[in-house]
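Counting starts at 1 for both ligands and their atoms, following the listed order. Values below: every heavy atom of this structure, side chains too, minus hydrogens, waters and symmetry copies.
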Amino acid sequence: MRYIPVIGLEIHAELQTASKVFCGCANEFGGAPNDRVCPRCSGLPGTLPVLNKNAVILAARAGIAVDGTVNNYSSFDRKNYFYPDLPKAYQITQFEHPISSGGFIEIGGRKLRIHHLHIEEDAGKLVHDDYECISMADYNRCGVPLIEIVTEPDFRTIEEVQQFVEQMALRLKYAGVCDARMEQGSMRVDVNISIMPEGSDVFGTRAEIKNLNSIKAIGRAIEYEIKRQSEILDAGGQVVQETRRFNDNHGDTKALRSKEEAHDYRYFPEPDIPPVFLSDEEIEEIRAQVPEMPNKRVERYIGEYGLTAEEAALIVSDREFSDFYDKSAAASGCYKKTASLMLVGLNKLLNENPTPVSELKFGTRELSELALLWEENKINSNSAMEILEIMYAHGGTPAEIAGKHGMIMSADSDAAEKAVDKVLAENAKAAQDYKAGNKKLFGFLMGRAIGELGKSANPAVIKEILNKKL
Ligand code: ADP
Ligand code: ZN
Ligand code: MG
């Protein structure tokens with residue numbers, strides 16, 4: 001039997017606040033275990049949480065980044081469960097009234113809908129030492145602010161899921177919400193997956209695979225689940241609703257707990273945190289902090305700037321890089337040439353020697369001047385790339401560098417004519433063969449003439465003279 005997978009996601013992302021969500025402890029990654037804990041985030045009785053305003057703002061930005069509706073009213077609830085990494089024995093989350101509702105991300109022409117996005121606190125980490133046979137609790141992560149983004153079960157392919165997660169990570173980075181480093185756990189994905197026979201529109205029973213921390217693991221886990229569930233249904237069995245863990249070493253998933261043992265979380269309104277009211281004006285203020293999202297930039301680069309889809313996607317894959325492109329291209333109006341300089345020339349240099357764009361020895365102004373020199377045919381493309389390399393290594397302005405290295409192309413047709421005459425005299429046989437019909441030799445003769453004149457060679461002028469003489 002052929003089956004169609006049905007997939008929905010729950011994505012957890014850590015908010016980039018300075019302090020934790022309900023106390024003043026630093027919100028950072030790494031460090032010694034338990035060096036960022038206080039009575040509040042370690043759950044001592046009698047302590048009171050105070051909501052971090054910035055966490056609310058960042059969560060609202062995330063809602064805006066995915067085209068959701070930020071709610072004027074949201075509130076917090078207690079989700080009760082016991083687990084050693086959560087010393088309070090309850091998690092403060094938003095259950096009834098999330099900060100943002102709705103939204104979507106479009107992938108391959110399909111709108112993949114977001115149900116809602118809510119704020120909650122992260123739990124600590126357990127570290128198991130198999131050698132000493134002990135488990136240790138590190139509470140540094142307790143109380144780190146998270147958003148959870150819950151999608152509708154709209155996904156039908158692995159690629160859709162992967163592209164959605166990549167786009168989500170990029171948008172959260174653009175909006176300054178989360179650094180979205182999946183390998184460090186600052187963004188983690190739970191995948192809910194069921195299968196249904198081809199042609200059916202009745203969803204099957206789903207399994208939930210928790211805490212996937214790479215795009216690749218997401219793909220492998222879904223692939224394994226589709227196979228596992230297909231085999232169960234093919235054999236006449238039934239998929240049970242359960243939570244499973246993906247094992248990266250084995251490439252399989254194992255049951256963690258089934259729905260029958262599932263907790264009754266006994267949600268109730270958190271009595272210690274008043275509800276959050278955001279006026280329309282406040283929401284608009286937050287909206288103004290959110291930059292243009294990468295999908296909109298891609299549309300603009302293709303539609304208005306004439307870039308290819310590949311070029312646009314490469315530029316927006318990093319916000320600083322894209323900001324640099326935008327500023328520079330806007331200053332010169334040379335959209336294509338700026339894209340070439342950055343994607344061919346600059347990217348090569350950055351690959352060899354990774355440097356944040358903000359620390360380059362030249363700015364958007366120098367790059368725009370360089371693009372203009374090239375656009376106006378004052379330098380040729382080789383010189384443009386060479387100047388870029390020089391600016392990258394030493395700084396300086398393009399006009400100055402072009403002058404110093406004799407790269408300004410000469411409009412001097414006398415010099416060009418002399419060079420062409422010399423080349424034709426030295427390559428009489430090639431010239432004859434060209435006239436006899438071997439058209440490929442034109443390029444060879446051009447190359448020779450350019451070689452005679454060096455960096456100031458003006459291909460357009462040479463071409464014209466060569467054409468005339470042949
Ligand atoms: P619950 O209330 O039991 O947590 P939700 O309706 O909130 O369930 O769904 C949780 C996640 O599971 C969402 O991401 C949703 O898209 C996904 N989901 C729901 N039903 C299915 C299904 N039949 N197959 C796959 N995913 C599903
Ligand atoms: Zn604390
Ligand atoms: Mg749910």
Side-chain angles (χ1 to χ4, degrees), residues 3-12 17-28 31 34-44 47-52 55 66 77 79 81 86-88 92-96 98 101-105 112-118 120-124 138-145 148-158 160-161 164-165 168 188-197 200-210 212 218 221-222 225-226 229 233 238-244 257-260 262-265 267:
Y3 301 98
I4 308 286
V6 171
I7 303 164
L9 306 176
E10 290 158 287
I11 301 176
H12 287 93
T17 52
S19 54
K20 292 185 180 180
V21 63
F22 301 125
C23 67
C25 292
N27 174 20
E28 284 162 9
N34 295 309
D35 68 351
R36 294 188 299 277
V37 287
C38 72
R40 261 187 261 167
C41 57
S42 58
L44 295 194
T47 56
L48 287 173
V50 178
L51 179 59
N52 182 334
V66 296
D77 301 278
K79 180 181 184 180
Y81 63 99
L86 186 83
K88 294 204 297 285
I92 302 178
T93 180
Q94 295 186 307
F95 186 62
E96 289 280 341
S101 304
F104 66 93
I105 289 179
L112 302 162
R113 294 165 302 159
I114 289 159
H115 181 268
H116 76 272
L117 177 161
H118 67 257
E120 60 186 31
E121 58 180 331
D122 208 347
D138 176 4
Y139 292 151
N140 278 344
R141 207 176 63 183
C142 267
V144 163
E148 178 175 338
I149 301 154
V150 182
T151 78
E152 299 288 353
D154 283 351
F155 302 81
R156 296 292 177 272
T157 66
I158 292 174
E160 258 174 13
V161 173
F164 181 96
V165 171
M168 178 67 74
R188 328 187 268 274
V189 178
D190 301 345
V191 169
N192 296 273
I193 169 165
S194 62
I195 56 171
M196 58 185 180
S200 163
D201 52 9
V202 182
F203 292 173
T205 305
R206 71 180 193 262
E208 177 180 15
I209 312 155
K210 282 268 182 210
L212 295 166
I218 290 171
I222 296 175
E225 267 307 298
I226 293 173
Q229 296 184 15
L233 294 190
Q238 282 186 334
V239 175
V240 285
Q241 187 171 338
E242 62 190 358
T243 304
R244 301 179 70 87
R257 52 178 187 264
S258 73
K259 196 72 180 179
E260 287 88 84
H263 314 261
D264 174 359
Y265 291 121
Y267 283 100

Trainee: Apply salt bridge (charged side-chain N to carboxylate O under 4.0 Å, His left out) to Arg188 and Asp122, showing your working.
Mentor: CA-CA 12 Å; Arg188 328 187 268 274; Asp122 208 347; 3.0 Å; yes

Trainee: Is there a polar contact between ligand 1 and Thr151, counting only N or O atoms under 3.5 Å apart?
Mentor: yes

Trainee: With distance as the sole criterion, is a donor-acceptor pair present between the side chains of His12 and Glu120 under 3.5 Å?
Mentor: yes

Trainee: Do any N/O atoms on Leu9 end up under 3.5 angstrom from N/O atoms on ligand 1?
Mentor: yes

Trainee: Report, in ascending order of atom number, the atoms of ligand 1 lying under 4.0 Å from any heavy atom of Gly204.
Mentor: 23 (N)

Trainee: So, is the end of the Lys79 side chain (NZ or CZ) under 6.0 Å from the ring centre of Tyr267 and within 45° of the ring's axis?
Mentor: no

Trainee: Does an N or O anywhere in Glu10 fall below 3.5 Å from an N or O of ligand 1?
Mentor: no

Trainee: What are the atoms of ligand 1, with element, lying closer than 4.0 Å to any heavy atom of Phe203?
Mentor: 23 (N)

Trainee: For Ser194, take its heavy atoms, then give the atoms of ligand 1 lying under 4.0 Å from any of them.
Mentor: 22 (C), 23 (N), 24 (N), 25 (C)

Trainee: Which of the atoms of ligand 1 are close to Val6, meaning less than 4.0 Å from one of its heavy atoms?
Mentor: 24 (N), 25 (C)

Trainee: How does Glu152 reach ligand 1, by side chain, by backbone, by both or by neither, if only non-hydrogen atoms under 4.0 Å count?
Mentor: backbone

Trainee: Compare Met196, Arg113, His116, Arg206 and give the one whose heavy atom is closest to atom 10 (C) of ligand 1.
Mentor: Arg206

Trainee: Do you know which two heavy atoms are closest between Val37 and Asn34, and how far apart they sit?
Mentor: CG2-O, 3.5 Å

